[in-house]
Number of protein chains: 2
Amino acid sequence: MTTPAPEGYDPHAYAPFAVTVDLAVFTVREARLHVLLVERGQEPFRGRWALPGGFLLPRESADDAARRELAEETGLGPGTVGALHLEQLRTYTGPDRDPRMRVVSVAYAALLPDLPEPRGGGDAASARWWDADAVGPLAFDHDTILADARDRIGAKLEYSCLATAFCPAEFTLGELQQVYETVWGVELDRPNFRRKVLSAPGFVQPVGGPPRRTGGRGKPAALYRAGDATALHPPLLRPPRTDASPSSSSSATEGHDR
Amino acid sequence: MTTPAPEGYDPHAYAPFAVTVDLAVFTVREARLHVLLVERGQEPFRGRWALPGGFLLPRESADDAARRELAEETGLGPGTVGALHLEQLRTYTGPDRDPRMRVVSVAYAALLPDLPEPRGGGDAASARWWDADAVGPLAFDHDTILADARDRIGAKLEYSCLATAFCPAEFTLGELQQVYETVWGVELDRPNFRRKVLSAPGFVQPVGGPPRRTGGRGKPAALYRAGDATALHPPLLRPPRTDASPSSSSSATEGHDR
DNA sequence: CTTCTTAATAGTCACTCTGACTATAAAGGG
DNA sequence: CCCTTTATAGTCAGAGTGACTATTAAGAAG
C-alpha cells in the first residue's frame, strides 16, 4: 500500500492474493522437540504432512487467525490459547509456493507445554505430534518454514524468557534445563544453569512454602513459576558449537535472524 | 494455505487481499538517524508523509518487490540496491489499516550509507530524508512500522555486523562508532569500542598499506572494510538505559523482538 | 614555529561473569 | 545399609567489561 502504482490507484488493477497463516506449534516431549502437523486430505500434496494453518477471514488480523487456527487444531479452549506464546515469524511470498494460486502466508511459531493429547476437534482430523528431527518432506515450502521457526525459537531462548512457555505452570529447574537442552541439542552444566537462571531478575520465581516435586528418583526439586520478565538479563548464551551438530538448515533470503 | 477451509477448497470463497511492501529506509547523516519518506499525492492521507512501498506484481516475491521499490524511490541502480542490506521485519494485517480495501503489508528495513542525495527517478516525486526523531504522524499505521523498524535495527546492531551497512565501503572506527551512538542514542567509550570491534572476528578488516583518512582535524584514522562475518561474537551489548531516554515506543502484538 | 585543540590509539586495573569442577544433601531401589 | 540419582552449594582460574590515563599525530591559532 502506501504508494500508488505508476498508473494511478486502482485496486482491481492488481492481482488478488490469498492470505493464510501457517503455524509451527512446538512442544518438548520426552526430551525431544515435537511439532504439530496435519495430514493433507486433498491435492496438492495429498497425503503429505503440513503445518496447520488456514485462510484469513475477511475482517480478521493474522494474529487472530493464528489463534483461531491454533484453537481448532489443538482443541484447546480459547482461554488457554489466548494465554500461550504466539509469535509472528516471517511471511513467505514466493510466487509458486502454492501451485493452485497466488498465496502469501504469514508464519507463526507457538510454544506449548507437553499436554496430555492436545489434538482434538476442529477441521484437522489427522493431526499429530512429530519428532521435529524426523519429519519427512512436508507440503509446500513448509520444510523451510519449520527450519526457520526452529532457528528463531533457539535464538530467542538466549535472550528472552520464552523457555517457560514450554513448561507447565509450575516446574523445576531441571525441567527448564531440559527445554534448553532439547531445543539447542546440547548438554548444559546443571549448577551453572541454575546459577544463571536464578540470577536473571524476573525469569522464574520460587513457589512459596516448602513444595517439592515428587515422583522421580533423586532429591526432590524446588518448584518455580514463570516470572514477570520478558527479556533475559544477562542472556543465557548458547555454547558455541564444537563440531558438526544436527543443526537445522536455514533457508530464508535473509540470513541470521534472531 | 495448507489447510482447506472447513467447507472445502475454493479460492474464490475467500476475500481477496491486496499485498504490498512498505520500506523503512534508514541512513545516518550528521549524527542523526534519517528515514526516507514520500509525500502522498492522493487520498487517503493526501499530503501526509508515508513509508515508500507499493504493490506486489503478479509473479513477484515480496523481497523482489522491496528491491524494486527501493531502486525506484532512491534512484539507485539495481546493482547498488542488490548489494545493500534489506531485511524483512514483520507483516501488518490489521483489517482497517487501509480504509479503501483489505491490504496486508510486508514491512522491510533497509540500511544505506549516507549518499549524496539518493532520491531520484521513480514514481515518488516528493521523496526526502527526514530526521527519524522528527517525523510527524505518518499515513496508515506507518508510525508503528517505523517504530518497530527502529527497535529491530537497534537490537540487531548488538549481535550482528549490520552497522557496517550504514558506512561507505571504507570507513574509520570512529565512523562506525558514530553509527552505534546514533542508532542507540547513547555515547560510547572510544577505546572500549575499538577493543571490542577489533576483537570480534570478521567484523572489520584493515585496509592494506598505510592509507589513512584525510580531511578532519585530529590524528588520521586507519581505514577498515566490512569483514566477512555476519554475526558478532562476542556481541556488542547496548549499555543499559540509566534513565528516561528518547526511546521509540514499540507497538507490535509481540513484545521484545531483536 | 610554538602551543592549543582535536581525535586516534595504547595501555591499565578492578570488577563481573563464565565454564569447569568438587562437594554435599535428599530421595528411591536393591 | 549401600548405591544410584538428582538437586543444590561452593570454588577457582580465565575471559570480558567499564572506567580510566597516557601517548601520538594531525590542523588551527597565535
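Both backbone and side-chain heavy atoms feed into the values below; hydrogens, waters and symmetry mates do not. Computed from a predicted structure; not experimentally measured. Letters A, B, ... mirror the listed sequences (proteins, then strands); counts begin at 1.
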message: Can you confirm whether B:Val186 sits close enough to B:Tyr180 that some side-chain heavy atom of one is under 4.5 Å from a side-chain heavy atom of the other?
response: no
field: Distance, rounded to the nearest Å, where A:Leu173 contributes CG and D:dT8 contributes P
entry: 6 Å
- request: First locate atom CG of A:Leu112, then atom CZ of A:Phe166, and finally report the distance between them rounded to the nearest 0.5 Å.
  value: 9.0 Å
task: Check whether the side chains of B:Asp148 and B:Tyr92 place a donor and an acceptor atom closer than 3.5 Å, and report yes or no.
output: yes
task: Could you please name the option among D:dA19, D:dA7, D:dT24 that lies closest to any side-chain atom of B:Asp189?
output: D:dA19
message: Using whole Å, what does the distance between atom C1' of nucleotide D:dT6 and atom NZ of A:Lys219 come to?
response: 9 Å
task: Tell whether B:Arg195 reaches the base of D:dG18 with its side chain through a donor-acceptor pair below 3.5 angstrom.
output: yes
- prompt: With nearest nucleotides of DNA chain C determined for A:Pro220 and A:Ser199 from heavy-atom distances, which residue corresponds to the more 5′ nucleotide?
  reply: A:Ser199
query: So which nucleotide from C:dG11, C:dG19, D:dT8 ends up closest to the side chain of A:Pro191?
result: D:dT8
message: Rounded to whole Å, please give me the gap between CZ in B:Phe193 and P in C:dA7.
response: 16 Å
- request: Answer yes or no: does a side-chain N or O of A:Lys196 lie under 4.0 Å from OP1 or OP2 of C:dG19?
  value: yes
message: Does this structure show an ion pair linking B:Arg150 with B:Asp133, if we count only N-O contacts that are shorter than 4.0 Å?
response: yes
message: Output the rounded distance in Å from CG (B:Leu188) to P (C:dA7).
response: 16 Å
- request: Could you pick out which residue, B:Asn192 or B:Glu175, lies toward the 5' side of DNA chain C when each is mapped onto its nearest nucleotide?
  value: B:Glu175
Closest-nucleotide ordering on DNA chain D, the 5'-leading residue of B:Pro234 and B:Gly218: B:Pro234
field: Length of the CZ-C1' vector between A:Arg190 and D:dT11, whole Å
entry: 20 Å
statement: B:Leu198 atom CG is separated from C:dA10 atom C1', nearest whole Å, by 12 Å
message: Tell me whether A:Asp143 contacts the main-chain N or O of A:Leu138 through its side chain, where contact means a donor paired with an acceptor under 3.5 Å.
response: yes
query: Out of D:dT8, D:dG18, C:dA20, which has the shortest distance to the side chain of A:Arg194?
result: D:dT8
query: Starting at CG of B:Leu236 and ending at C1' of D:dG16, how long is that distance when rounded to a whole Å?
result: 12 Å
query: Which of these nucleotides, C:dT9, C:dC21, D:dT8, is closest to any side-chain atom of A:Ala221?
result: D:dT8
- prompt: If you look at every strand shown and take non-hydrogen atoms under 4.0 Å, does B:Pro239 touch a base, only sugar-phosphate, or nothing?
  reply: nothing
- prompt: Once you round it to whole Å, what is the distance between C1' of C:dC21 and CD of A:Glu187?
  reply: 16 Å
- prompt: If you check every side-chain atom of B:Arg217, which of D:dT8, C:dT6, C:dT9 has the closest atom?
  reply: C:dT6
